[in-house]
Amino acid sequence: MTEKHVKDLCTKKKTSVIKRMKPTAKEKKPFDASLILKDDGSIGFEFEKKTFAKSK
């Protein structure tokens, strides 16, 4: 996390998307997500919605 991410989390309650975060399990792949500050003070993830191309 950068200093900007920390500031955004504290002031806006959400960061921009952080690319390639490392999961705790070794077999899992890195992922992209925003961190959000919940009302109870805990921190969670918000994942981008994936869009799929329609086949013709």
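In what follows, residues are counted from 1 in the order of the sequence shown. Heavy-atom basis, side chains included; hydrogens, waters and symmetry copies ignored.
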Would you kindly confirm whether F45 and M1 end up in one hydrophobic cluster when ILVMFWY residues are joined by side chain heavy atoms under 4.5 Å apart?
-> yes

Non-neighbouring partners of T24 that pass side-chain hydrogen bond (donor to acceptor under 3.5 Å, both in side chains), sequence neighbours left out = none

Linked, directly or transitively: M21 and V6 (ILVMFWY side chains, under 4.5 Å) = yes

Could you tell me which residues satisfy side-chain contact (heavy atoms from CB on, under 4.5 Å) with I43, sequence neighbours excluded, listed by chain and number?
-> L9, L35, L37

Could you grab the distance from atom NE2 of H5 to atom NZ of K14, nearest 0.5 Å is fine?
-> 12.0 Å

side-chain contact (heavy atoms from CB on, under 4.5 Å) filter on P30, not counting sequence neighbours, yields R20

Heavy-atom closest pair (K28 atom, P23 atom, distance to 0.1 Å) is CB-CG, 3.4 Å

Tell me, please, which residues at least two apart from K4 pass side-chain contact (heavy atoms from CB on, under 4.5 Å).
-> T2, D8

For V17, all residues meeting side-chain contact (heavy atoms from CB on, under 4.5 Å), sequence neighbours excluded = K19, D32, S34, E48

In terms of ring plane angle, is the pair F31 and F47 parallel, tilted or perpendicular, where the classes change at 30° and 60°?
-> tilted

Determine yes or no for a side-chain-to-main-chain donor-acceptor pair under 3.5 angstrom, with T11 supplying the side chain and K7 the backbone.
-> yes

Could you pull out all residues at least two apart from D39 that satisfy salt bridge (Lys or Arg N to Asp or Glu O under 4.0 Å)?
-> K13

